[in-house]
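Numbering starts at 1 and runs along the sequence shown. Every number for a ligand or one of its atoms is a count from 1 in the order of the listing.
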Amino acid sequence: MQLPNLKEAKKRTREEVPVEEYKIPDHLKTFGKGKTYFIKTYGCQMNEHDSENMKAMLESMGYIEGDSMEQADLILLNTCAIRENAHNKVFGMVGRVKHLKETKEVVFGICGCMAQEEVVVEELLKKHKCIDLIFGTHNIHELPILLEKVRNSEKPIVEVKSIEGAIVENVPAKRDSNYKAWVNIMYGCDKFCTYCIVPYTRGKQRSRKPENILKEVRDLKQKGYLEVTLLGQNVNAYGKDLNMDYNMANLLKDVAEMGIPRIRFVTSHPWDFTDEMIDVIAKYENIMPYIHLPLQSGSSKILKLMGRRYTKESYLELFHKIKTKIPNASITTDIIVGFPGETEEDFEETLDVVRTCQYDSAFTFIFSPRKGTPAEKMKDEVHYREKERRLQELNALVNEYAKKANDKYLNKIVPVLVEGYSEKDSSMLMGYTDTMKLVNAKADPSNIGKIIDVKITDVKTWSMDGEISK
Ligand code: 5AD
Ligand code: SF4
């Protein structure tokens with residue numbers, strides 16, 4: 001049994017991370033024959049992509065994907081630790097699986113970021129005897145071997161490395177879309193913002209070698225994918241840990257020159273956003289004019305307490321530089337309200353930045369103390385009800401600007417990558433613009449999997465309607 005330890009996870013070494021190739025042992029290739037699996041994923045795109053990897057690993061063992069938890073022989077919860085409510089959702093689900101296990105035989109595993117937290121693993125092991133397997137974010141590629149261990153053991157198997165191992169290449173992926181693909185360019189994060197659990201649960205920053213990323217993108221292009229999103233917790237720090245003179249601007253340029261029609265990247269941190277990067281994004285038509293630029297707070301005092309390394313002024317300077325060089329860029333953000341020490345004046349400064357930046361949209365959160373992070377121990381005197389009020393006020397403002405940003409699209413013709421049928425109306429198709437706006441459009445299904453021109457006929461806060469432009 002290998003248990004997690006957040007103090008260990010905090011340690012950073014300067015040693016270069018080795019690279020390994022994924023390989024499934026031959027004797028496990030039929031292990032899952034005749035069995036179904038069900039994976040429930042919580043959290044960010046990183047987790048979504050990890051689940052795509054796990055699905056492909058399971059299918060290479062003979063498992064097939066089931067439609068529901070109830071019919072599955074193997075249930076995996078791929079968890080998120082970013083806020084307390086993410087935890088609560090998972091604990092609720094554990095209760096449901098416990099009931100299910102009373103009626104049928106099923107292997108139950110928990111993985112992802114919550115599995116990296118010692119308090120969570122202790123609680124799961126103590127209170128939930130229905131769990132057969134717990135494995136961490138650094139153990140994902142070991143899934144086939146771990147399932148074999150579960151079969152051969154009476155006790156639950158717990159495998160959580162606190163310190164990351166090698167970067168594993170050639171892990172297969174069963175991608176959710178035939179047109180859009182996520183490509184990891186780096187793992188982990190070294191920023192240690194004081195509220196954030198990610199540097200502990202995902203380990204130190206490790207960039208994949210450029211040639212491996214470019215090879216993956218080349219393969220995706222050959223398979224007909226139209227869009228790749230370069231993924232990392234802090235993508236603009238890409239390459240800093242490699243012993244070579246190669247950075248995010250170089251990578252964006254090299255990926256763009258491969259000619260895949262749409263390139264996106266998430267998530268950026270204002271700290272590492274260089275002029276060189278802005279110039280590359282502005283220059284290449286196939287790098288999408290969409291930038292997620294987390295603000296977190298508009299108060300320089302709070303930003304300092306958060307350990308964000310920029311001030312209100314330097315953030316605004318960067319924002320305006322991007323808008324000047326990429327005028328059609330849609331910019332979105334993340335904001336936390338109610339961080340310890342946030343006064344009404346600090347909150348007003350956040351509203352002030354929102355009014356200045358007029359974001360296309362924003363994800364907003366109430367601060368959630370995470371065990372083991374510095375902010376957990378900071379003095380927090382603001383009542384939760386007051387934090388909720390701030391969130392509501394912020395959301396009202398954010399929505400106002402989101403609608404205003406969308407209004408500009410009315411009657412315009414925009415390129416949309418059509419992904420499939422609309423969820424709200426199956427007679428319509430859905431897709432996203434280059435600027436990442438959700439569009440529901442009247443168009444023939446033969447357009448699915450194509451980038452087409454759509455004329456916007458109606459605009460809402462979170463989506464737009466349109467029709468194919470003749
Ligand atoms: N509490 C609230 N929000 C958080 N985020 C990260 N950690 C916390 C926390 N402890 C938010 C940040 C980040 C987004 C992914 O989640 O805004 O950008
Ligand atoms: Fe968390 Fe900050 Fe790293 Fe983002 S940059 S993952 S908020 S520590």
> Closest non-hydrogen protein atom to atom 6 (C) of ligand 1, residue and atom name please, with distance?
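Scanning the protein heavy atoms, the shortest distance from atom 6 (C) of ligand 1 goes to I82 CG1, 3.4 Å.
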> Are side-chain heavy atoms of L318 and L293 found at a separation under 4.5 Å?
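A side-chain contact exists here, since the closest heavy-atom pair is under 4.5 Å.
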> Can you tell me if R202 contacts ligand 2 (heavy atom of the residue under 4.0 Å from the ligand)?
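Checking ligand 2 against R202, which is what was asked, there is no heavy-atom contact under 4.0 Å.
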> Are K371 and E117 close enough for a salt bridge, meaning some N to O gap below 4.0 Å?
no
> Could you list the atoms of ligand 2 found under 4.0 angstrom from a heavy atom of P199?
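Every atom of ligand 2 under 4.0 Å from some heavy atom of P199: 8 (S).
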> Can you name the atoms of ligand 2, numbered from 1 with element, that are less than 4.0 Å from a heavy atom of V198?
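This gives 6 (S) as the contact atoms.
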> Just let me know how N234 lines up against ligand 2, side chain, backbone, both or neither, with a heavy-atom cut-off below 4.0 Å.
neither
> So do E84 and R370 actually touch side chain to side chain, heavy atoms under 4.5 Å?
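When only atoms from C-beta onward are counted, E84 and R370 do touch, with a gap below 4.5 Å.
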> Nearest heavy atom to atom 4 (Fe) of ligand 2 wins, so pick from Q296, Q233, M306.
Q233
> Quick one: look at V198 and ligand 1, take heavy-atom pairs under 4.0 Å, and tell me if it's side chain, backbone, both or neither.
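Within the 4.0 Å criterion, V198 makes no contact with ligand 1.
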> Do the ring planes of Y195 and F339 sit parallel (below 30°), tilted (30 to 60°) or perpendicular (above 60°)?
perpendicular
> Please could you name the atoms of ligand 1 that R370 approaches to less than 4.0 Å, counting only its heavy atoms?
10 (N)
> Which one holds for F192 and ligand 2: side chain close, backbone close, both close, or neither close, with close meaning a heavy atom under 4.0 Å?
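For F192, only backbone atoms sit under 4.0 Å from ligand 2.
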> Can you find an N or O of Y195 that's nearer than 3.5 Å to an N or O of ligand 1?
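N/O-N/O distance under 3.5 Å: yes.
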> Tell me, please: is T373 in heavy-atom contact with ligand 1, that is, under 4.0 Å?
no
> Just let me know how I336 lines up against ligand 1, side chain, backbone, both or neither, with a heavy-atom cut-off below 4.0 Å.
side chain
> List every atom of ligand 2 that sits less than 4.0 Å from any heavy atom of K191, numbering the atoms from 1 in the order shown and giving each element.
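Here the atoms of ligand 2 in question are 3 (Fe), 5 (S).
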> Do M288 and E227 have side-chain heavy atoms sitting under 4.5 Å apart?
no
> Check each atom of ligand 2 against the heavy atoms of Y195 and keep those under 4.0 Å away; list them by number with element.
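Listed by number with element: 7 (S).
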> Could you tell me, atom by atom, which parts of ligand 2 come under 4.0 Å of a heavy atom of H269?
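Contacts of ligand 2 toward H269, numbered from 1: 5 (S).
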> Identify the residue among L394, V337, V354 that makes a side-chain contact (heavy atoms from CB on, under 4.5 Å) with T364.
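Of the listed residues L394, V337, V354, the side-chain contact (heavy atoms from CB on, under 4.5 Å) partner of T364 is L394.
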> Could you check which of G232, C189, G188, P270 puts a non-hydrogen atom nearest to atom 3 (Fe) of ligand 2?
C189
> Can you list the steps and then say if D352 with K312 is a salt bridge (Lys or Arg N to Asp or Glu O under 4.0 Å)?
CA-CA 10 Å; D352 191 41; K312 173 185 184 177; 3.1 Å; yes
> Using a 4.0 Å heavy-atom cut-off, which part of F365 comes near ligand 1: side chain, backbone, both, or neither?
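F365 to ligand 1: side-chain contact only, backbone stays beyond 4.0 Å.
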> What is the closest protein heavy atom to atom 10 (N) of ligand 1, and at what distance does it sit?
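For this ligand atom, the closest protein heavy atom is S368 O, 2.8 Å.
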> For atom 2 (Fe) of ligand 2, decide whether C193 has an N, O or S atom at a distance under 2.8 Å.
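Yes, since at least one N, O or S atom of C193 sits under 2.8 Å from atom 2 (Fe) of ligand 2.
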> I need the nearest protein heavy-atom contact for atom 15 (C) of ligand 1: residue, atom name and distance, please.
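Going atom by atom, the protein heavy atom closest to atom 15 (C) of ligand 1 ends up being D334 OD2, 3.8 Å.
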> Should you measure from each heavy atom of R308, which atoms of ligand 2 turn up under 4.0 Å away?
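Listed by number with element: 2 (Fe), 7 (S).
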> Can you tell me the protein heavy atom closest to atom 4 (C) of ligand 1 and the distance?
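It is R83 NH1, 3.4 Å.
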